[in-house]
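Working notes for the structure below.
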Amino acid sequence: MNTGSDVPGEVAVASDGAEVGEARSGQHEHEGLGSRAPEFVKERRLLHVSWQVGVFVVGLAVVVAGVIMLPLPGPGWVVIFGGMAIWATEFVWAQLVLRWTKRKVTEAAQRALDPRVRRRNIVLTSIGLVVVGVLIGVYVWKFGFVMPWKIENQ
């Protein structure tokens with residue numbers, strides 16, 4: 001490791017007091033945050049604010065479309081996360097929300113792949129299917145199987 005010194009035993013120290021090479025707490029959490037607007041936009045305050053308003057409006061339109069798609073046919077959640085990704089190109093809060101969401105989805109996927117959890121889910125699904133089958137059987141036994149349309153010897 002190059003410590004920046006030729007003297008043995010000397011260690012380079014970063015400005016926050018942590019030794020170079022040590023993992024600082026929260027360092028990866030805030031890497032790459034901030035506006036991804038082109039430099040010429042960032043240099044001009046009015047242009048940058050206009051850029052942010054435009055990104056916010058486009059992201060809001062996409063998120064609203066996703067919310068509308070939740071009860072209607074369509075990929076509602078995917079569109080909502082797409083709108084959040086649009087916001088994340090400009091706003092730190094959206095970047096942090098997306099990172100948190102990605103972390104939680106990854107953790108949930110890992111838990112779902114756990115053999116004990118998979119076994120439990122299979123058992124619960126099987127029990128649920130048996131209960132639904134019994135209920136349908138009781139209904140058909142008690143009321144008979146009647147077609148919803150009236151077609152009799154025509």
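Between Val63 and Val79, every side-chain heavy-atom pair lies at or beyond the 4.5 Å cut-off. In this structure, Trp51 and Glu90 have side chains that are in contact, with non-hydrogen atoms separated by less than 4.5 Å. Under the 4.5 Å side-chain criterion, counting only non-hydrogen atoms from C-beta, Trp87 is not in contact with Val58. A 4.5 Å side-chain heavy-atom check between Gln110 and Glu107 finds every atom pair outside the cut-off. Residues Gln52 and Phe91 meet the side-chain proximity criterion, which asks for heavy atoms closer than 4.5 Å.
In the hydrophobic clustering of this structure, Leu60 does not group with Val78; members are Ile, Leu, Val, Met, Phe, Trp, Tyr whose side-chain heavy atoms approach within less than 4.5 Å, directly or through other members. Both Phe81 and Leu70 are members of a single hydrophobic cluster when ILVMFWY side chains are connected at heavy-atom separations under 4.5 Å. Linking Ile, Leu, Val, Met, Phe, Trp and Tyr whenever their side-chain heavy atoms come within less than 4.5 Å leaves Val130 and Tyr139 in two separate clusters. Each of Val49 and Val92 belongs to its own hydrophobic cluster when Ile, Leu, Val, Met, Phe, Trp and Tyr are linked at side-chain heavy-atom distances under 4.5 angstrom.
No more than 12 heavy-atom neighbours from other residues, nucleotides or ligands sit within 6.0 angstrom of CH2 on Trp100.
Scanning both residues, Met84 and Leu98, for their nearest heavy atoms gives O-CD1, 3.7 Å. Taking all atoms of both residues into account, the shortest heavy-atom contact from Ile86 to Val55 is O-CG1, 3.4 Å.
Here Ile68 contributes atom CD1 and Ile80 contributes atom CD1; the two are 10.0 Å apart, rounded to the nearest 0.5 Å. Atom OG1 of Thr101 sits about 10.5 Å away from atom CG of Leu96, to the nearest 0.5 Å. Atoms CZ and CG, on Arg116 and Asn121 in that order, are 12.5 Å from each other to the nearest 0.5 Å.
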